Structures are given as C-alpha cells and as structure tokens.
Visitor: 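My questions all concern the structure below.
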Amino acid sequence: MGDVTINGAKNAAVAILPAALLVDGISEIENLPYIDDVMKLKRAMEDLGAVVNVEDKHTLKIDGSTIYDYKAINEYVGNIRASYYLIGALLGRFKKAEVAMPGGCNFGVRPIDQHIKGFEALGATVKVENGMIKAYADKLVGNKIYLDVVSVGATINVMLAAVLAEGTTIIENAAKEPHVVDVANYLNMMGANVKGAGTDVIRIKGVEKLTGGKYSTIPDQIEAGTYMIAAAITAGDVCVRNIIPEHMYSVSLKMMEMGITIEEGDDYIRVIAPEKLKCANVKTLPHPGFPTDLQPQMATLLSVAEGTSTMIESVWDNRFQYVDELKKTGAKIKVEGRMAVIEGVKELSGAKVAATDLRAGAALVLAALRAKGETVIGNVKYIDRGYESIEEKLTALGAEIERR
Ligand code: EPZ
C-alpha cells in the first residue's frame, strides 16, 4: 500500500550510454537507473578514454571527445548483454570495433546474427573469433536492411552504426519498443537525423558529427510493471509514479481483465486489486504486445488467480527456467514447450529459492510477497542488475524484506 517511484529504464540506459561514444562532445544523461549494468558500462566507457563525471546518483556527464580506443575487451564487458551496443557505437565512431562477446541473463541461445547482418550491409566486415566480435570498415555507407526477426538489440545497434555513416539507412521490420524510441530521441538531441523510431521502418540520414547536449532517460516500463504486479499479488492499493502510462497498456489491460482496477493519471497508474483474481491467457510479443520481460512476474500473478491460465512465450525460446523455483512456493505450473499452463492456487508458501535470471528473480520476490511464511531468495545479484533499491521500495510499500 502506498506510492512507489520508478527509475529510468535499464534497457534504454544501457543503449544510450554506448550511444554517447558517438558524440564528439559532452552528453549529460539524467534519470539513469543506479544499477550494476549501468555502472559496468560507465567503467567500459572510461576504459575507452571517455571522461565520465558522476553529477549525482542518476546523472552522468560523458565527454566523448577524449575517446581513443576501439577495443572493449575487459572481462566485465562480456558480463553484460548490452555490451553489444559498444560494437555499433565504436564502429560508427571509428569504423572499427573489437568487443568481448556479450553475456547477460542466460535463457537459451541469444544470437546476434541480425546485428551482424546490419553492420555488413553498411559495409563492415565482421568476424567472431576467440570470444570477441571484430568489425572493420573502410567507410560505412547507408543501406536498406530488413531484419528477419523483430530485434530490439539489432534495431538499436544498426541505428548506432548508421548515424555517422554516409547517406541514408533504412531499417525495415524494426523493433518498436519505447527504449528504441528513447535512443533515437537521444541521438537526435545530439545532432543525428533519425526518423520513424516507434514504427517498423526507421530512416537514418547520416550526419558528420554529433555534438552533445542534455537528455533524460524514459522511465522503466518493466520496473513499473513489476510494481503493478506487486500491488496485484498482495491485494494492495499502490500508486506507481513517474511512468508513461501508454507504455503500460498491454499490462494494464491484462490486469483489468483479471478484475484489477487501474486508474491512470498523466504520469502514474494506481493499481487497486481485489482478493480474488480472474485467470487469463497471456502471450508475449514485441511491443506493443505484452513484454517478455514481464512474463515471469505475470506468470507468478496468474499462479494465484482462480482457474487455469496460460502463458505463451513467443520472444525467447527458453524463458521458463524459473518455473521449477517458483513451484517450490506451491505454484502449479506445467511447461509444454513455449507454453506454461498455470493452475491457480489459493496460497503460496515460503521456500528457499534461487533466481535464474533478472526477471526470474523479480518473479520470486513477487511470489515471496504473497507467500505465507519466509522466503529466502538466492542469486540476488541478478536482481541488482535491473532493479534499483528494490528492498527500500518494497519496504516502503509495507513488505518485510531484508538483504542478508
Ligand atoms: C532486449 O534484448 C532486452 N535486453 C531484453 O531484456 C528483452 O527480453 C528483449 O530485448 C526483448 O524485448 C536489453 O535491452 C539489454 P532481441 P535483445 O534482439 O535486444 C532473436 C531484460 O530482462 N534474435 O529483441 O537481446 C532472439 O533470439 C532483458 O531486461 C535473433 O534471432 O533481444 C529473440 O528470440 C532480458 N537474432 C528475439 O530475436 C539476432 O540477431 C528478440 O531478441 C537478435 C535477436
């Protein structure tokens, strides 16, 4: 019960920071979430020669004019998935890039063939060898690129490589996620010419130089959704603040279908949840569909709804790894390929569980909020990758949660 304020979007921040490598001047970026992935990227940028000043916990001032290196090869670079954006940015800036292969949350094969296809279409030669991705070009020239799958990462990466290329690049079948739009807005604010972000065709007219400026990252759609579900799973009444309600439509509408009251303001959503929730069928899809990054959290909510629900995961081929852990709290879920069949139970009970990835960790926290008794969650390092101050925020809403 109460209010919770949402921080800046992780998946926008981890793309905007590498994008700042393209700027031959100073970018001041506000509303960055204070999370591990952002701090690791800050370090990576400093290692490349950028001067990064911490203005406050959520604001970095990055001087991109001092960057001299095009190799991001430190071990921690490989630990974050978003390090793949360093390839697009360095390739765009220097026409060459060497970056340690991206790691990040492990849920099956996470190919980057579409990123590579995009870089090659712009004129780069790309090699993957010894755990490194190496991309070189004499010059980058705009081209038409059709993405075979709707990929957030490939869309943003091609955008990064194309903003300083000669001529016009057209990305067809582009991802439309809010953070794709946010990166385009940031680039445009710095002097780029990107049009159409948020639709499935993005046009990028190359410019000579990006010069710098001030930008504020959008709020985190997934953190917001996680707290909306926290309210719903505890039959609570919570106002989720500092968000863009339009980004939440797929989640709000599904929650309304489950009998939850959603009140929307300009920059907040109030969630008022009844004791009994109706079952629902959910399918994850690229934006504006239901986000895959809220799939584990939503499945947890469905596990205490009355009746049988289904959850179809259509973005990732192996994102039900958390189910075995969730079942330890009493949830009844059967996974059949890309579908989970969820039999609603009345109560969950405390258990000893471990996060298998970031959103799985968030789902286990949600289960723990609902469960009778104490739940101990291991591997919280995953949760720290994407949720700022989760204990403080939940404590303020009335939860009993501590870090040991
Ligand atoms: C981003 O990953 C997010 N990560 C993920 O969030 C999110 O789940 C995903 O987008 C989908 O919304 C970051 O922004 C850092 P994709 P990304 O390329 O860009 C296939 C979280 O929890 N594909 O949109 O890597 C791929 O296998 C994280 O915050 C190819 O086949 O995802 C997947 O099935 C986890 N070839 C689908 O496309 C490629 O070259 C969508 O992936 C690229 C992707």
Side-chain angles (χ1 to χ4, degrees), residues 7-19 33 35-38 40-41 77 79-88 101-121 126 128 133 145-161 171 173-183 200 217-218 220-226 247 250-251 284-298 312-322 338 355-363 382-388:
N7 288 108
K10 163 188 168 272
N11 288 343
V14 298
I16 289 175
L17 287 177
I35 51 172
D36 282 359
D37 278 15
V38 165
K40 280 188 189 137
L41 276 172
V77 171
N79 283 337
I80 37 171
R81 180 72 187 160
S83 57
Y84 53 39
Y85 292 133
L86 297 171
I87 312 164
M101 275 295 268
C105 283
N106 169 32
F107 33 80
V109 186
R110 296 181 70 176
I112 55 162
D113 56 299
Q114 298 302 306
H115 304 230
I116 294 174
K117 170 175 152 172
F119 299 148
E120 286 176 344
V126 186
V128 180
I133 305 170
I145 296 147
Y146 176 85
L147 298 179
D148 301 321
V149 286
V150 180
S151 159
V152 173
T155 303
I156 293 177
N157 231 342
V158 174
M159 215 153 73
L160 297 181
I171 309 174
N173 201 27
K176 296 179 278 202
E177 267 65 7
H179 36 294
V180 173
V181 180
D182 207 33
V183 177
D200 48 20
T217 314
I218 50 162
D220 197 308
Q221 177 201 19
I222 306 303
E223 189 196 16
T226 304
H247 292 172
S250 62
V251 181
T284 66
L285 287 167
H287 192 77
F290 191 92
T292 172
D293 292 345
L294 282 173
Q295 183 261 100
Q297 301 91 313
M298 191 64 180
I312 297 175
E313 172 58 57
S314 74
V315 177
W316 296 108
D317 53 15
N318 187 15
R319 210 177 190 177
F320 284 122
Q321 286 167 331
Y322 65 91
R338 282 186 171 228
T356 50
D357 66 63
L358 165 59
R359 308 303 173 188
Y382 285 122
I383 301 174
D384 293 334
R385 296 185 54 179
Y387 291 88
E388 177 176 339

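Both ligands and their constituent atoms are indexed starting at 1 by order of listing. Since this is a predicted model, take the numbers as computed values, not measurements. Every heavy atom of this structure was used, including side-chain atoms; hydrogens, water molecules and symmetry mates were not.
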Visitor: Tell me, do Val128 and Ile116 make a side-chain contact under 4.5 Å, heavy atoms counted?
Guide: yes
Visitor: Sub-3.5 Å donor-acceptor pair from the side chain of Gln114 to the main-chain atoms of Asp148, do we have one?
Guide: yes
Visitor: Between Val14 and Tyr85, what is the shortest heavy-atom contact and its length?
Guide: O-CD1, 3.4 Å
Visitor: If you compare all heavy atoms of Thr217 against all heavy atoms of Ala13, which two are closest, and at what distance to 0.1 Å?
Guide: CG2-N, 4.1 Å
Visitor: With atom 11 (C) of ligand 1 as the reference point, say which of Thr292, Ile112, Val14, Thr284 has the nearest heavy atom.
Guide: Thr292
Visitor: If you take the nearest heavy atom of each of Val152, Ile80, Val315, Asp113, which one is closest to atom 34 (O) of ligand 1?
Guide: Val315
Visitor: Under 4.0 Å from any heavy atom of His115, which atoms of ligand 1 are there?
Guide: 40 (O)
Visitor: Quick one: does ligand 1 sit under 4.0 Å from the side chain of Lys10, the backbone, both or neither, non-hydrogen atoms only?
Guide: side chain
Visitor: Hey, is Arg319 one of the residues with a heavy atom under 4.0 angstrom from ligand 1?
Guide: yes
Visitor: Can an N or O of Tyr85 be found at a distance shorter than 3.5 Å from an N or O of ligand 1?
Guide: no
Visitor: Indicate the ring-plane relationship of His115 and Tyr84, choosing parallel, tilted or perpendicular according to the 30° and 60° boundaries.
Guide: tilted
Visitor: Record the part of Ser151 in heavy-atom contact with ligand 1 below 4.0 Å; permitted values are side chain, backbone, both and neither.
Guide: both
Visitor: Would you mind running through ligand 1 and noting each atom that sits below 4.0 Å from a heavy atom of Gly153?
Guide: 18 (O), 19 (O)
Visitor: State, yes or no, whether a side-chain contact exists between Ile218 and Val181 at a heavy-atom distance under 4.5 Å.
Guide: no
Visitor: Which atoms of ligand 1 have any heavy atom of Arg81 under 4.0 Å away?
Guide: 25 (O)
Visitor: If you measure from atom 39 (C) of ligand 1 to every heavy atom of Ser314, Ala360, Pro111, Ala9, which option wins on shortest distance?
Guide: Pro111
Visitor: For Arg338 and Ser314, indicate whether the former's side chain and the latter's backbone hold a donor-acceptor pair under 3.5 Å.
Guide: yes
Visitor: Can you tell whether the side chains of Asp220 and Lys10 come within less than 4.0 Å, N to carboxylate O?
Guide: no
Visitor: Could you list which atoms of ligand 1 come closer than 4.0 Å to a heavy atom of Gln114?
Guide: 36 (N), 39 (C), 40 (O)
